[in-house]
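Input: a single structure, listed below in structure tokens.
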Amino acid sequence: MREDKKMHAHVTKSGYKYYTPRRTASEAPQAPKESKWKKGARWTKQALLAGFKNLPGLIMRAAVLMVTTPLMILLFILNLIKSLIATAIGWFVFKVASYFILGFGIAGYTFLIQKDIPAPEWFNNMMTDFVFPHGIPIYYWWETTIIVVLSVITALSLTLYPNEA
């Protein structure tokens, strides 16, 4: 078999034979002698070109954000108002329902024990003290806090993820 002038033959310890290409003096890679300034200028040029290529997309994103941000704020405010009203009504219904559930529980208890036991004093005053304290359905700070927190969570979820609601 004739020897190939372009390939080096190598043999491993186990007897495996493999070939690698020969390099001539003219094919050997030489490090480009380039200054740091030239390299930096080339990098800057590539970065600017990439920036100019992306500029229309960036302008469109900025325009969309500038237009949609006021709309999102307005939508959030409207959702917050709706959520406040719905949560306040729901809270009042919950208070009245819990009053009646508690009333039926006490009435059932008194019926099972004795028929002649009158309702306790605190239960008689519960409608005015718990459901309508000082004549207002939502009076205490903790009730207001619960309503506002639930309303903000609901308004954010309605504004940010309207399809999931």
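FYI, the numbering just counts along the sequence from 1. These figures come from a predicted structure and were not determined experimentally.
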Could you list the residues that satisfy ring pair (Phe, Tyr, Trp, His ring centres under 6.0 Å) with Phe76, not counting sequence neighbours? none
Any link between Val148 and Leu150 through a network of hydrophobic side chains (Ile, Leu, Val, Met, Phe, Trp, Tyr) touching at under 4.5 Å? yes
Find out whether Met7 and Thr20 are in side-chain contact, i.e. whether some heavy atom of one side chain is under 4.5 Å from a heavy atom of the other. no
All side chain to side chain contact (heavy atoms under 4.5 Å, CB included) counterparts of Trp142, not counting sequence neighbours: Trp91, Tyr140, Ile146
Taking a hydrophobic cluster as the set of Ile, Leu, Val, Met, Phe, Trp and Tyr residues connected by side-chain heavy atoms closer than 4.5 Å, whether directly or through intermediates, do Tyr139 and Trp141 fall within one such cluster? yes
Partners passing side chain to side chain contact (heavy atoms under 4.5 Å, CB included) against Lys82 (at least two apart in sequence or in another chain): Asn79
I'd like to know if Leu78 and Leu156 are part of one continuous hydrophobic network [Ile/Leu/Val/Met/Phe/Trp/Tyr, side-chain heavy atoms within less than 4.5 Å]. no
Which other residues belong to the hydrophobic cluster containing Val149, where Ile, Leu, Val, Met, Phe, Trp and Tyr are joined when side-chain heavy atoms lie under 4.5 Å apart, directly or via other members? Ile153
Pairs involving residues 136-157, ordered by first then second residue, that meet salt bridge (charged side-chain N to carboxylate O under 4.0 Å, His left out) (sequence neighbours left out): Lys95-Glu143
Quick one: which residue pairs count as a side chain to side chain donor-acceptor pair (under 3.5 Å) with a foot in residues 144-154, not counting sequence neighbours? Thr87-Ser151
The complete set of salt bridge (charged side-chain N to carboxylate O under 4.0 Å, His left out) pairs with one or both residues in residues 147-159, sequence neighbours excluded, reads none
With a 4.5 Å cut-off on side-chain heavy-atom distances among I, L, V, M, F, W and Y, is there a chain of contacts connecting Ile85 to Ile77? yes
Under the side chain to side chain contact (heavy atoms under 4.5 Å, CB included) test, which residues partner Phe92, sequence neighbours left out? Val96, Val131, Phe132, Pro137
Here the pair of heavy atoms bringing Ala155 nearest to Ser83 is N-OG, 3.7 Å
Any chance you could measure Thr159, atom OG1, to Met72, atom CE, to the nearest 0.5 Å? 6.5 Å
Go through the structure and list residues passing side chain to side chain donor-acceptor pair (under 3.5 Å) with Thr69, not counting sequence neighbours. none
Going by side chain to side chain donor-acceptor pair (under 3.5 Å), name the residues that satisfy it together with Thr44, two or more places apart in sequence or in a different chain. none
Applying side chain to side chain contact (heavy atoms under 4.5 Å, CB included), can you list everything that pairs with Ala9, at least two apart in sequence or on another chain? Lys17, Tyr19
May I ask you to list the residues sharing a hydrophobic cluster with Tyr16, side-chain cutoff 4.5 Å, ordered by chain and number? Tyr18
